[in-house]
Asker: 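Attaching a single structure in structure tokens format; questions to follow.
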Amino acid sequence: MIERKISRFGVFFLIFMLPLCVFAQKGEKIQTIVIDAGHGGKDTGALGKVTNEKTLNLAVALKFGAYIEENLPDVKVIYTRKTDKFVELSERAAIANRNNADVFVSIHCNSTGTPNSAYGAETFVMGESKNEKNLEVAKKENAAILLEDNTDAYDNFDPNSTEAYILFSLSQSLYQSQSLDLAGKVQKQFASKGRHNRGVQQAGFLVLWKTSMPSILVELGFINHAKEEQFLNSEKGQTQLALALYRAFEEYKREFEAENSTTSKPVINEKKEKTEKNTVSDIYFTVQFASRDKKVSSPDKTFSGVKEVDVYEYNGAFRYVSGKFTSKDAAMKRQSEVRALGYKDAFVIAFINGERGTIKQAEEALKK
Ligand SMILES: [Zn+2]
């Protein structure tokens with residue numbers, strides 16, 4: 001029985017997964033994210049004393065998406081559900097694949113057999129569960145398919161059979177390093193807000209199984225831990241969790257795009273004489289710390305404490321920056337100062353002949 005499953009999966013892997021490896025490199029920009037609020041409708045997920053998992057998952061998912069829509073206008077946010085409705089696990093992955101998403105984030109809450117025992121947050125990537133505890137989390141989340149009318153998509157997968165999970169030992173490598181990177185950033189954000197950090201884990205989740213992009217499953221906390229349920233159910237808790245997810249995603253996107261920018265079209269004016277020495281007005285670094293839909297009338301008041309505030313328009317929003325520096329190091333120093341003022345997501349960008357570019361592009365241009 002197991003043998004049959006492995007060989008069928010082996011065929012599936014050769015036909016569908018290997019060709020994907022060739023195209024494993026996504027685009028140069030993170031343009032689309034699919035946010036998946038776990039469970040919904042007839043599937044309530046884990047139960048707490050005063051609420052249930054599907055409700056908490058949706059609340060945090062919508063907040064997380066709203067932060068992206070507000071602050072990263074170049075990213076398209078797609079939700080697998082925006083209301084209390086049932087969506088099959090295979091359809092959640094299919095939504096991400098159909099929309100050619102760059103990132104997939106599935107949001108859940110944990111629970112254990114013994115109430116008030118375990119607590120804290122953990123983030124999973126697709127992989128082979130290395131211990132019983134992770135396997136149990138996957139079994140619980142995968143059990144959602146038992147409520148589905150048609151389970152053809154899962155190839156007779158029995159979510160409660162430990163043996164069935166051997167399938168997943170083969171299907172982890174494609175986007176695993178990027179998924180681990182994003183998962184690590186999420187946990188770092190949770191920990192920075194004092195959440196108990198249960199770390200980055202691996203297990204076989206059906207909802208992540210067939211996604212063809214970096215994908216993570218976040219367990220926000222334990223709904224059957226009374227104190228944690230209170231936190232998960234509070235406006236403050238949900239805001240904190242959604243912000244942590246947003247900051248992790250923003251950092252992931254920023255780093256990904258900086259790393260991939262070397263292959264993009266250079267912004268540098270080719271006609272420029274190479275012998276001419278570049279001046280600060282041609283190439284400089286600055287620290288972006290805020291973004292607004294409308295222009296701020298008195299930036300000095302609004303951003304009090306931030307030195308040398310300037311503004312530029314980019315992708316339909318007004319971006320506020322601090323300082324003009326000829327070296328990256330000086331800009332990094334300003335970045336620390338601005339972050340210390342509470343603009344925790346402030347980051348260094350560069351301008352090259354009036355166009356926004358990356359640090360790398362500016363450094364290259366300065367060498368010439
Ligand atoms: Zn769940």
Side-chain angles (χ1 to χ4, degrees), residues 34-65 79-93 95-96 104-115 117-127 129 132-148 151 154 157-160 165 168 179 183 186-187 190 195 198-211 215-225 228-229 231-233 237-238 241-242 244-245:
V34 167
I35 299 178
D36 175 44
H39 312 277
K42 63 184 172 184
D43 175 15
T44 49
L47 295 175
K49 274 212 166 117
V50 294
T51 184
N52 55 38
E53 191 194 338
K54 65 173 183 178
T55 310
L56 298 179
N57 296 344
L58 183 61
V60 174
L62 293 176
K63 260 183 193 288
F64 171 35
Y79 302 87
T80 54
R81 66 179 181 98
K82 286 185 94 169
T83 56
D84 180 20
K85 69 168 185 183
F86 184 78
V87 182
E88 291 82 6
L89 293 186
S90 58
E91 174 59 13
R92 293 168 194 258
I95 289 171
F104 179 81
V105 177
S106 189
I107 297 173
H108 290 259
C109 297
N110 229 328
S111 79
T112 46
T114 322
S117 53
Y119 64 99
E122 57 194 349
T123 301
F124 284 86
V125 306
M126 187 67 192
S129 41
E132 196 61 29
K133 181 181 66 69
N134 290 354
L135 181 64
E136 287 311 311
V137 177
K139 279 184 177 176
K140 220 172 321 161
E141 300 296 6
N142 292 338
I145 65 166
L146 300 174
L147 297 168
E148 297 184 15
T151 56
Y154 314 106
F157 183 86
D158 174 2
N160 293 315
Y165 284 77
F168 300 122
S179 303
V186 168
Q187 285 303 122
F190 285 153
R195 303 271 300 132
R198 298 173 64 88
V200 173
Q201 310 289 347
Q202 294 184 30
F205 292 94
L206 290 172
V207 73
L208 304 182
W209 183 26
K210 290 186 185 175
T211 58
S215 306
I216 59 171
L217 185 145
V218 183
E219 295 281 359
L220 298 171
F222 284 77
I223 195 172
N224 70 340
H225 185 287
E228 200 148 78
E229 183 186 12
F231 173 79
L232 294 166
N233 199 32
Q238 290 170 5
L241 291 163
L245 290 171

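Order of listing sets the numbers, starting from 1, for every ligand and every atom in it.
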Asker: Tally of protein N/O/S atoms under 2.8 Å from the Zn ion (ligand 1)?
Answerer: 5

Asker: With no hydrogens and no angle check, do the side chains of Asn142 and Tyr154 hold a donor and an acceptor under 3.5 Å apart?
Answerer: no

Asker: Have Asn57 and Glu53 got a donor and an acceptor in their side chains that come within less than 3.5 Å?
Answerer: yes

Asker: Using a distance-only test with no angle check, is there a side-chain donor-acceptor pair under 3.5 angstrom linking Asn134 and Ser129?
Answerer: no

Asker: Ring centroids only, cut at 6.0 angstrom: are Phe231 and Phe222 within range, meaning strictly under it?
Answerer: no

Asker: Could you tell me if Asp36 and Thr80 have a donor-acceptor pair between their side chains, going purely by distance under 3.5 Å?
Answerer: yes

Asker: List the residues meeting ring-ring contact (aromatic ring centres under 6.0 Å, His included) with Phe124, not counting sequence neighbours, and say none if there are none.
Answerer: Phe205

